[in-house]
Amino acid sequence: MQPIAVIDFETTGLSPAMGDRATEVAIVLVEGDQVVDRFQSLMNAGVRISAFIEAYTGISNAMIAAAPSAQAVMAEASRFVGDAPMVAHNASFDRRFWAAELQRVGHEAKQPFACTMLLSRRLYPQAPNHKLGSLASFHRLPSSGRAHRALADAEMAAALLGQIQSDLRCRFGVAQPGHDLLMSLQACARHAVPAAIKRYLG
DNA sequence: TGCCAGGCCCTCTTTAGGGCCTT
């Protein structure tokens, strides 16, 4: 069974195109329902962290100063992920930083991304909202540490992915929901989810 | 407690605008 790499970045802001950089990355490897490996590291990209971001993430300039270089961390993260397809919550955000930080070390971001936020909007329209923490509460998923730190959020996203896969099995009878089904579902409008499942099952 | 961007999606729409979500 091919593992899925669930990733979460902490960063200095919202846009690598505006000069924002990653400050921490965490990746959780999932096979079926099981977390089989974890990678987490702060990273020093040589940029200052604003007071707002420090309060938001708990990651300080002192912590970053003592961290390994962004180049070394991203090279190791790239090796850790390999060719595994990837998942993130609001994946458009993490995909941009994944691509931007890898480009700086000469690596290509070739992995496909599925998004637990888009999938949750399709599968759980009754949820109060689709923030990661809210969905974790909605599903009563276990807490795994301080919110807005990379490993805790990656673990939470992995647990949400497990919930999604479990619900696909129960609601639609899909035996082994894989990354290809997740990609298919997130590309469909909300009302077309059953049709997407039907196409997936052939 | 916020701004920056970008993709998705809803609706008072489609010749557009704005909310959500990520840090």
Side-chain angles (χ1 to χ4, degrees), chain A residues 5-28 40-64 67 70 73-74 77 85-104 109 111-139 141 144-161 163-164 182-196:
Chain A
V6 183
I7 189 168
D8 186 77
F9 277 109
E10 304 306 317
T11 72
T12 61
L14 296 174
S15 174
M18 298 290 288
D20 291 320
R21 297 294 305 274
T23 57
E24 186 180 41
V25 63
I27 300 155
V28 175
Q40 178 274 330
S41 183
L42 291 164
M43 63 175 85
N44 185 353
V47 293
R48 283 200 62 78
I49 297 172
S50 69
F52 171 78
I53 291 294
E54 183 170 338
Y56 186 79
T57 65
I59 297 171
S60 67
N61 284 293
M63 291 163 69
I64 291 304
V73 172
M74 289 307 300
M86 303 184 78
V87 166
H89 196 71
N90 195 13
S92 68
F93 173 85
D94 293 281
R95 186 179 60 229
R96 284 197 299 275
F97 278 94
W98 178 246
E101 294 293 346
L102 282 184
Q103 187 176 36
R104 290 174 176 273
Q111 300 84 354
F113 269 78
C115 176
T116 51
M117 184 188 75
L118 296 180
L119 290 164
S120 293
R121 283 179 176 171
R122 281 142 179 68
L123 295 170
Y124 313 119
Q126 72 276 27
N129 62 60
H130 297 89
K131 296 178 183 177
L132 180 58
S134 299
L135 287 164
S137 299
F138 179 73
H139 291 298
L141 302 177
S144 53
R146 186 196 194 281
H148 305 304
R149 284 300 298 269
L151 185 57
D153 282 2
E155 297 263 16
M156 197 179 295
L160 176 58
L161 175 64
Q163 181 72 44
I164 289 169
L182 302 180
M183 296 294 287
S184 173
L185 285 183
Q186 78 169 33
C188 292
R190 188 173 293 168
H191 67 275
V193 165

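Note that this is a predicted model, so its numbers are computed, not measured. Residue numbers begin at 1 in each chain, while the letters A, B, ... track the order of the sequences.
Nearest nucleotide to the side chain of A/N90, out of B/dG6, B/dT23, B/dC8: B/dG6.
Atom C1' of nucleotide B/dC21 and atom NE2 of A/H148 are separated by 11 Å, given to the nearest angstrom. Distance, A/I49 CD1 to B/dT23 P: 14 Å, rounded to whole Å. In this structure, A/F97 places its CZ atom 19 Å from P of B/dC21, rounding to the nearest Å. The separation between A/E54 atom CD and B/dT1 atom P is 16 Å, rounded to whole Å. In this structure, A/Y56 atom OH and B/dC4 atom C1' are separated by 15 Å, rounded to whole Å. Between the C1' atom of B/dG7 and the CH2 atom of A/W98 lies a distance of 21 Å, rounded to the nearest Å. Going from atom CZ of A/R95 over to atom C1' of B/dT22 covers 12 Å, rounded to whole Å. As a whole-Å value, the separation of A/F113 CZ from B/dT22 P is 16 Å.
Contact detail for A/F113 and A/Q186: the closest heavy-atom pair is O-NE2, 3.6 Å. Taking each heavy atom of A/T12 and A/V47 in turn, the nearest pair found is CG2-CG2, 3.8 Å. When every heavy atom of A/G58 is checked against every heavy atom of A/R146, the shortest pair comes out as N-NH2, 3.8 Å. Nearest approach of A/I164 to A/S120, heavy atoms of both residues: CD1-OG, 4.0 Å. Closest approach of A/D20 and A/S15 over heavy atoms only: OD2-N, 2.9 Å. Heavy-atom minimum distance, A/A114 versus A/A91: O-CB, 3.6 Å.
With C1' as the reference atom, B/dC12 and B/dG17 are 10 Å apart, rounded to whole Å. Separation of the C1' atoms belonging to B/dT14 and B/dC8 is 16 Å when rounded to the nearest angstrom. Remark: the separation of the C1' atoms in B/dG19 and B/dT13 is 15 Å, to the nearest Å. Between B/dC3 and B/dA16, the two C1' atoms lie 24 Å apart (nearest whole Å). Taking the P atom of each, B/dT1 and B/dA5 are spaced 23 Å apart, rounded to whole Å.
Within residues 5-14 of chain A, the residues approaching DNA chain B are A/D8, A/F9, A/E10, A/T11, A/G13, A/L14, by heavy-atom distance under 4.0 Å.
Mapped onto DNA chain B by nearest heavy atom, A/M18 and A/D153 fall at different nucleotides, with A/M18 at the one closer to the 5' end. Looking at which nucleotide of DNA chain B each of A/S92 and A/Q186 is closest to, the 5′-most match is held by A/S92.
With sequence neighbours excluded, the residues forming a ring-ring contact (aromatic ring centres under 6.0 Å, His included) with A/F93 are A/F97, listed by chain and number.
Between A/H139 and A/Y124, the gap from one ring centroid to the other is short of 6.0 Å.
One finds no salt bridge joining A/R149 and A/E10 here, because no Lys/Arg side-chain nitrogen approaches an Asp/Glu carboxylate oxygen to under 4.0 Å.
Across all strands shown, A/I53 has heavy atoms under 4.0 Å from base atoms, whether or not it also approaches the sugar-phosphate.
With rounding to the nearest 0.5 Å, the separation of CZ in A/R95 from CZ in A/F9 is 12.5 Å.
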Listed pairs, N/O of protein and of nucleotides 18-20 of chain B, under 3.5 Å:
unit_1, atom_1, unit_2, atom_2, d
B/dC20, O2, A/R121, NH2, 3.2

